[in-house]
Undergrad: 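Can you keep this structure in mind? I'll have questions shortly.
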Number of protein chains: 2
Amino acid sequence: MPYDPSAFPPFAVTVDLVVLTVRRHALCALAVRRGEPPFQGRWALPGGFVRADEDLAQAAARELAEETGLRAHDPAVPAQDNGAHLEQLATYGDPKRDPRMRVVSVAHLALAPDLPAPRAGGDASNARWAPVEELLQQSGYGRDGEPVAPLAFDHAQILSDGVERARSKIEYSSLATAFCPPEFTVGELRRVYEAVWGVALDPRNFHRKVTGTPGFLVPTGGTTTRQGGRPAQLFRAGGATLLNPPMLRPEV
Amino acid sequence: MPYDPSAFPPFAVTVDLVVLTVRRHALCALAVRRGEPPFQGRWALPGGFVRADEDLAQAAARELAEETGLRAHDPAVPAQDNGAHLEQLATYGDPKRDPRMRVVSVAHLALAPDLPAPRAGGDASNARWAPVEELLQQSGYGRDGEPVAPLAFDHAQILSDGVERARSKIEYSSLATAFCPPEFTVGELRRVYEAVWGVALDPRNFHRKVTGTPGFLVPTGGTTTRQGGRPAQLFRAGGATLLNPPMLRPEV
DNA sequence: GTGTTTATCGTCAGGCAGACGACTATGATC
DNA sequence: GATCATAGTCGTCTGCCTGACGATAAACAC
């Protein structure tokens, strides 16, 4: 296999983003409406071309900032300030995935706390947070009554892979804290797990588990009552990235 | 972000392969010697350009067949015949990773049982199985006395990521059977775990664990004595891909 | 105050994992 | 053939973790 610089076909390389957050007890993803063909008017994942002098992670962080205003975090450091967690997800390169040309897309997964309304180049009507089940269903009507069409390109597959990655990764890592504000309560963290997994968890066992896992949570000393009921302790994410023992998703 | 077909920089897209196997109680990877610059004479991971009409997985399977003669398996089906497990690992796209041009490499991970000697275009001296620690160390001498140089490009990083993926994935999936021949004993499977993790496991607890995990192993009825000692039962890989409960890697 | 909501602590039984003893079945050696 | 070394398989015991769930604490709404 000689390495002939003229012997390789040219590809376009893009990054696509699966940006997840938890809003109103539901796992939501960021979707943007396409302004031109193909798939004009359909919802899609945000993304764009990788520039000539840009690393893949840089391109993903730039797109994330353009779409949400979020700063991306170094993956080595767990979420501590307002930065979002960003990691590479997978790469999609079916020759027919874009009808215009050969495009290889390096999908990335971003996790963010509940945020102000999204912006897409300043045009809010072209970007929204939508529950992932709504984006993944093939047809029907969303809860706002608007008819649902499948996501553009292979973005349903990418979103599905991103959701599955998030679901499994919060089991054995402290990633669920990336969905929370810098300070949060055990109850808020529990509602994150419940929304991402789509199950109900026992508050007492959950509390014992997360407070007993070394390095997961650090008490800040403060308390809050923003959920109603008895005031709850506030925590920050601890230094641990890998949880031992892991959080176990209930049997299916 | 208008989609202007002339507005994207062209990239070369390659697949690189981390092919792992277990030989003589050590985790080994396939390395090929580079025949031309850059990094001429250095060891590298096998790989090559993705063709214009080819999916990424197809390209990886083709390269795997060219280098080892192995047929790749559909990832949805666990290893049952002689096919190797093949899955996408990650994508590497640093602008400077190849000094000649902008190359994005989609790395794949392949797991194979112990095989006859590798072939690289018919030239055996240009391909070899080497223990991963030997390939990852920065300098020194291999056990054959040959001086060691770091792998070409960013292949040390890719190999390291692939090894880490394999180490963690055999915990919660039945992937370790991909390192075994179609029929194998509990002891052979244990030696796979020991080689990949680099630890010693208690044979009695290991036996209880794997035979007690539903869907992991299916007895074939036969026995073998190829390891010496008392004859051992032969098993095939069961249908389960996700292990519940998982195999736990001993604490570090 | 009473009821409601959420947070937090405790108890108990079942299951799994690590440590390790005991026994079995083969080939190698004397 | 007796003995030994090697490897495989079955049990036992103890401690830890988990899930189920009772009980108490501290806020707010009326």
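Because the structure is a prediction, the values reported are computed rather than measured. Chain letters run A, B, ... following the sequence lines, proteins first and then strands; every chain starts at 1.
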Undergrad: Using modelled atom types only, decide if a donor and an acceptor are shared between the side chain of Thr177(B) and the backbone of Ser174(B) within a distance under 3.5 Å.
TA: yes
Undergrad: Please say which of Val163(B), Leu27(B), Leu175(B), Leu111(B) ends up in a side-chain contact (heavy atoms from CB on, under 4.5 Å) with Val196(B).
TA: Leu27(B)
Undergrad: So, is Lys209(B) close to the dA17(C) phosphate, meaning a side-chain N or O under 4.0 Å from OP1 or OP2?
TA: yes
Undergrad: Do Gln137(B) side-chain atoms and Glu134(B) backbone N/O form a donor-acceptor pair below 3.5 Å?
TA: no
Undergrad: Could you state the CZ-P distance from Phe206(B) to dA17(C), rounded to the nearest angstrom?
TA: 12 Å
Undergrad: So that I can tick it off, tell me whether Lys169(A) and Glu164(A) are bridged by a salt bridge, with the cut-off set at under 4.0 angstrom between side-chain N and carboxylate O.
TA: no
Undergrad: Using chain B heavy atoms and a threshold of under 4.0 Å, write down where along DNA chain D the contacts begin and end, 5' to 3'.
TA: dT6(D) to dT12(D)
Undergrad: Going by side-chain contact (heavy atoms from CB on, under 4.5 Å), Val18(A) matches just one of Leu30(A), Leu45(A), Asp161(A). Which one?
TA: Leu45(A)
Undergrad: When you measure from every atom of DNA chain C, which of residues 212-219 of chain A have a heavy atom less than 4.0 Å away?
TA: none
Undergrad: Go through the structure and list residues passing salt bridge (Lys or Arg N to Asp or Glu O under 4.0 Å) with Glu171(A), not counting sequence neighbours.
TA: Arg249(A)
Undergrad: With sequence neighbours excluded, tell me which residues meet side-chain hydrogen bond (donor to acceptor under 3.5 Å, both in side chains) with Thr91(B).
TA: Thr91(A)
Undergrad: Could you state the CG-P distance from Leu201(B) to dA19(C), rounded to the nearest angstrom?
TA: 11 Å
Undergrad: Please collect all side-chain hydrogen bond (donor to acceptor under 3.5 Å, both in side chains) contacts where either partner lies in residues 206-219 of chain A, sequence neighbours excluded, each pair once.
TA: Asn205(A)-Arg208(A)
Undergrad: If every non-hydrogen atom of Cys180(B) is compared with every non-hydrogen atom of Val192(B), which pair is closest and at what distance?
TA: SG-CG2, 3.8 Å
Undergrad: Looking at residues 186-193 of chain A, who's got a heavy atom less than 4.0 Å off DNA chain D?
TA: none
Undergrad: As a quick check of understanding, evaluate side-chain contact (heavy atoms from CB on, under 4.5 Å) for Leu217(B) and Phe184(B), giving each step before the final call.
TA: CA-CA 10 Å; Leu217(B) 299 183; Phe184(B) 53 89; 3.7 Å; yes
Undergrad: Using modelled atom types only, decide if a donor and an acceptor are shared between the side chain of Glu188(B) and the backbone of Thr185(B) within a distance under 3.5 Å.
TA: yes
Undergrad: Please confirm whether Tyr193(A) and Phe206(A) have ring centers closer than 6.0 angstrom.
TA: yes
Undergrad: Test of understanding: with side-chain hydrogen bond (donor to acceptor under 3.5 Å, both in side chains), list the residues that count as partners of Asp154(A), not counting sequence neighbours.
TA: Arg97(A)
Undergrad: Would you work out how much the helix from dG1(C)-dC30(D) to dC30(C)-dG1(D) bends between its ends, with each end axis defined by five base pairs, to 10 degrees?
TA: 10°
Undergrad: Where do Gln88(A) and Val106(A) land on the side-chain contact (heavy atoms from CB on, under 4.5 Å) test, with the steps shown first?
TA: CA-CA 7 Å; Gln88(A) 195 186 106; Val106(A) 183; 3.8 Å; yes
Undergrad: Give me the residues of residues 223-231 of chain B where at least one heavy atom lies under 4.0 Å from an atom of DNA chain D, by number, or none.
TA: Gln227(B), Gly228(B), Gly229(B), Arg230(B), Pro231(B)
Undergrad: Not counting sequence neighbours, which residues clear salt bridge (Lys or Arg N to Asp or Glu O under 4.0 Å) with Arg165(A)? List them please.
TA: Glu87(A)
Undergrad: Is there a donor-acceptor pair under 3.5 Å between the side chain of Gln233(B) and the backbone N or O of Gly221(B)?
TA: no
Undergrad: Just the table, please: protein N/O against nucleotides 9-13 of chain C N/O, every pair under 3.5 Å.
TA:
from	atom 1	to	atom 2	distance (Å)
dT11(C)	O4	Arg208(A)	NH1	3.4

Undergrad: Looking at Trp43(A), is Arg128(A) sitting on its ring face, NZ or CZ under 6.0 Å from the six-membered ring centre and within 45 degrees of the normal?
TA: yes
Undergrad: Using side-chain hydrogen bond (donor to acceptor under 3.5 Å, both in side chains) as the criterion, list what pairs up with His108(B), not counting sequence neighbours.
TA: none
